[in-house]
Amino acid sequence: MSMAVPPGSQVSVQRRPHTSWTRVVSQSFYKFSPSEQIRNPVMFVVYIYTFFVAAVTFFPWAFPDVAGPGFDQNYYLTITVVLVLTLWFANVAESIAEAQAKAQADSLRETRTGLKARQIYPDGRRDWVPSGSVHVGDRIEVKPNEIVAVDGDIVEGAGVIDESMMTGESAAVVRESGGDHTSVIGGSRVLQGTIIVRVTAEPGSSFLDKMIQLVEATHREKSPNEVALTIILAALTMALLLVVVTFGYLLLGTHLGLFNLATLIALIVCLIPTTIGGLLSAVGISGVNRVSKANVVSKSGRAVEAAGDLDVLILDKTGTITVGNRLAVQFIPAPGETDQSVMRGALLASAFDETPEGRSVVRLAGLRGVQRESVSMENVQVIPFSPERRASGIRLPDGTEAMKGSVGAIQAALGGLPPETVAAADQASRQGMTPLVIALGRKVLGIVVLKDVVKPGIRDRLVDLKTMGIRTVMCTGDNRLTAEAIARESGVDEYVAEARPESKLQLINREKQYGHLVAMTGDGTNDAPALARADVGLAMNSGTSAAKEAGNMVDLDSDPTKLIEIVSIGKQLLITRGALTTFSITNDVAKYFAIVPGLFVGLGGAAALNILQLPNPETAVLATLVFNALMIPLLIPIALRGVSFRPQSAVDLLRRNLLIYGLGGLLSAFIGIKVLYLLFAYSLNLPAVVSFGLAVHHLLGGL
């Protein structure tokens, strides 16, 4: 067999490359194509009218009714330029958001360049082959300092894996055969140990490929909230369009020379919600990007927004609310038994238990002076743990079973337990610990007590969720007393004890029947149905391939509490969209008072609407249109970064939204338009000082 050093073993990738501004600029100009613009109804209206104004500007002879006496070509040209800038700023906002994601895709793509795999053939022969030539079910061998070429599950051995190419974290993780932490990702590096991996993805459909395809998708799938808001904005745009067109028809019918097409189009552009229309797509894309920065891969924007609308959160106990890896802390013998006998029985039952709990039993017994007896795999039958059996152990050659399991499971198997043992188990459970009964044949030897610790700060995070109106449910396989103690200490609203894999699915179905949006975490194959059913299913990167396929999010850090952070990101996305929508609409109210008076110059009563005291109509229109265009790039940082979020009730959030962004949008437009008018007035040699004096006089008169 050939054992050369595999190409691609020295892959080094920059985790978060900088955004390419060349790409941003080129993409922003590409988005001027009609196929791109039509995806945004609000900006498409601006797009159509920009061409119309440009046509009148450059070919006035073709529009004699519009370009009649008094036609100012320079004014029309200025309006055209400002409209083009408005469209370009909206394109830039979306291009920046897309470029951030595509920069990550470029980085990820480098990890699969030139990778090869050491394939194991049925006859035991091993040979290097291109990573694209292995298929689902094939087996490959990966040794220390080699790159895992393809996605798969470890079927033999254990290894310390460097996943920094995906997570950006330098801390390595342990992956081993058996259990739920068997999955490895193509592109990760084995630091220690030799592993045999069964391939779980065909070439081109690996986890890495799907990530790249997701972030490079040109046509992003809009979330339900984004679709609903787009429809509302489109309806508002059409209504305002109808009003302004009717308005222009009435002006044209006066025969007083008041009709000005450029001013009417400026009125349309400024009154329709162009600000939020130009930023809407960027807000959605940036939400997925913020989740990505938290080392979570979202398979769709729908999942991110669904996280913001959640009202029920289902959490595992072990590893989520508690630290996980329960450790043995005490042996309690049954009546008539000794410490030595219960420890020997526990060692037998844990002889082939490679879970952290099983290893901790062996370690504690060793510290107490009892060593594990040599047991040959050929002479015994391993009885693995299963959610249905809720026990594990071995069957000796004479048929005797050495078992370690929950109180209920052993009690049902033996037909009863000594009262003293039940009382000791109940006391341990009330203290939040997990008792496991040790039995040899039909004889109860005692219990071993496992202890798990509630994670620091988890109670405060659950309080924040409750403030946001989210109900938390802890789902655990532990008995009722242990579950109750942990629930009380952590602060969850409800708990489900002695849960089986189907219990999570039943719980999700029940909550969804009541109209709730539900999220849960999981890492095992038996979690896959529930992950697929949940509105937000967060699968652990360390889990099985089935779990990662079923969930609509994958946490690269394999931290189940990350779901709480995702909820905050989803809330921030919704709040950002709402805040910018409020700002845009109140902005438009102020623009109305800047442009409409210019349409009525020469008619009595027009001065009553001119509360900003803008005496020159054309300069007022120009100032308003420029302000409308500039607001888009000024708000891009907020759209990409998101509005600052802290847990609050819906009423408090609405009040804050109206006060900051509603009132802020109104005042900023009045001030911004006035300042721009004064600047343009000076540049055009208009009596700006007089204009400013009139405004001050009007303000003092109002006071």
Side-chain angles (χ1 to χ4, degrees), residues 40-43 90 93-94 96-97 220-237 239-240 271-291 298 300-311 464-465 467-470 517 519 535-536 565-591 628 631-669:
N40 190 330
V42 176
M43 300 311 295
E94 185 173 0
I96 291 176
R220 181 179 57 89
E221 183 182 17
K222 292 184 178 181
S223 65
N225 278 335
E226 188 173 352
V227 170
L229 183 56
T230 301
I231 293 174
I232 293 173
L233 295 179
L236 181 61
T237 299
L240 289 171
L271 289 189
I272 64 177
T274 51
T275 304
I276 183 60
L279 297 173
L280 187 60
S281 182
V283 172
I285 296 173
S286 64
V288 177
N289 288 345
R290 284 197 293 275
V291 169
S298 174
S300 71
R302 291 173 178 265
V304 180
E305 283 205 7
D309 282 332
L310 290 176
D311 45 15
D464 290 343
L465 290 173
T467 302
M468 291 185 279
I470 299 175
L517 288 178
D535 297 287
V536 177
E565 184 177 347
I566 292 171
V567 170
S568 297
I569 294 174
K571 290 284 186 184
Q572 184 187 36
L573 172 61
L574 296 178
I575 291 171
T576 300
R577 185 176 293 148
L580 292 178
T581 302
T582 304
F583 186 92
S584 177
I585 292 175
T586 55
N587 242 220
D588 294 342
V589 173
K591 298 167 192 172
N628 181 72
M631 286 314 301
I632 296 177
L634 290 177
L635 292 174
I636 287 177
I638 295 179
L640 299 181
R641 186 178 62 252
V643 174
S644 60
F645 169 73
R646 62 179 182 272
Q648 289 179 305
S649 66
V651 175
D652 291 336
L653 285 173
L654 178 60
R655 185 182 299 114
R656 174 196 176 199
N657 198 26
L658 292 175
L659 182 62
I660 297 178
Y661 294 95
L663 185 60
L666 193 66
L667 295 178
S668 64

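One-based numbering along the sequence shown.
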message: As an exercise, state the distance from CD1 of I569 to CG of L574, rounded to the nearest 0.5 Å.
response: 12.5 Å
field: Exercise: identify the closest heavy-atom pair between I636 and I96
entry: CG2-CD1, 4.2 Å
- prompt: Got a second to check how far M43's CE is from L233's CG, nearest 0.5 Å?
  reply: 11.5 Å
message: If I take atom CG from residue L659 and atom CG from residue L654, how far apart are they, to the nearest 0.5 angstrom?
response: 11.0 Å
field: Side chains of I638 and V643 in contact at under 4.5 Å (non-hydrogen atoms)
entry: yes
query: Can you name the nearest heavy-atom pair linking L310 to K571, along with the distance?
result: O-NZ, 4.5 Å
- prompt: Would you find a donor on one side and an acceptor on the other, under 3.5 Å apart, between the side chain of D311 and the backbone of L517?
  reply: yes
Nearest atoms (heavy-atom pairs only) where T237 meets P273: OG1-CD, 3.7 Å
query: I632 and L279: side chain to side chain contact (heavy atoms under 4.5 Å, CB included), yes or no, with the steps?
result: CA-CA 7 Å; I632 296 177; L279 297 173; 4.0 Å; yes
statement: Shortest non-hydrogen pair, R641 vs Q572, comes out as O-NE2, 3.5 Å
- request: Find the distance between CG (N657) and CG (L580) and round it off to the nearest 0.5 Å.
  value: 9.0 Å
field: Shortest non-hydrogen contact from V283 toward A639
entry: CG2-CB, 3.7 Å
message: Testing the basics here: between S668 and N587, what is the closest heavy-atom pair and its distance to 0.1 Å?
response: OG-ND2, 3.4 Å
L236 CG to D588 CG distance, which is reported to the nearest 0.5 Å: 8.0 Å
task: Would you check if there is a donor-acceptor pair between the side chains of N628 and T274 at a distance under 3.5 Å?
output: yes
task: To the nearest 0.5 angstrom, please state how far the OH atom of Y661 sits from the OG1 atom of T576.
output: 7.5 Å
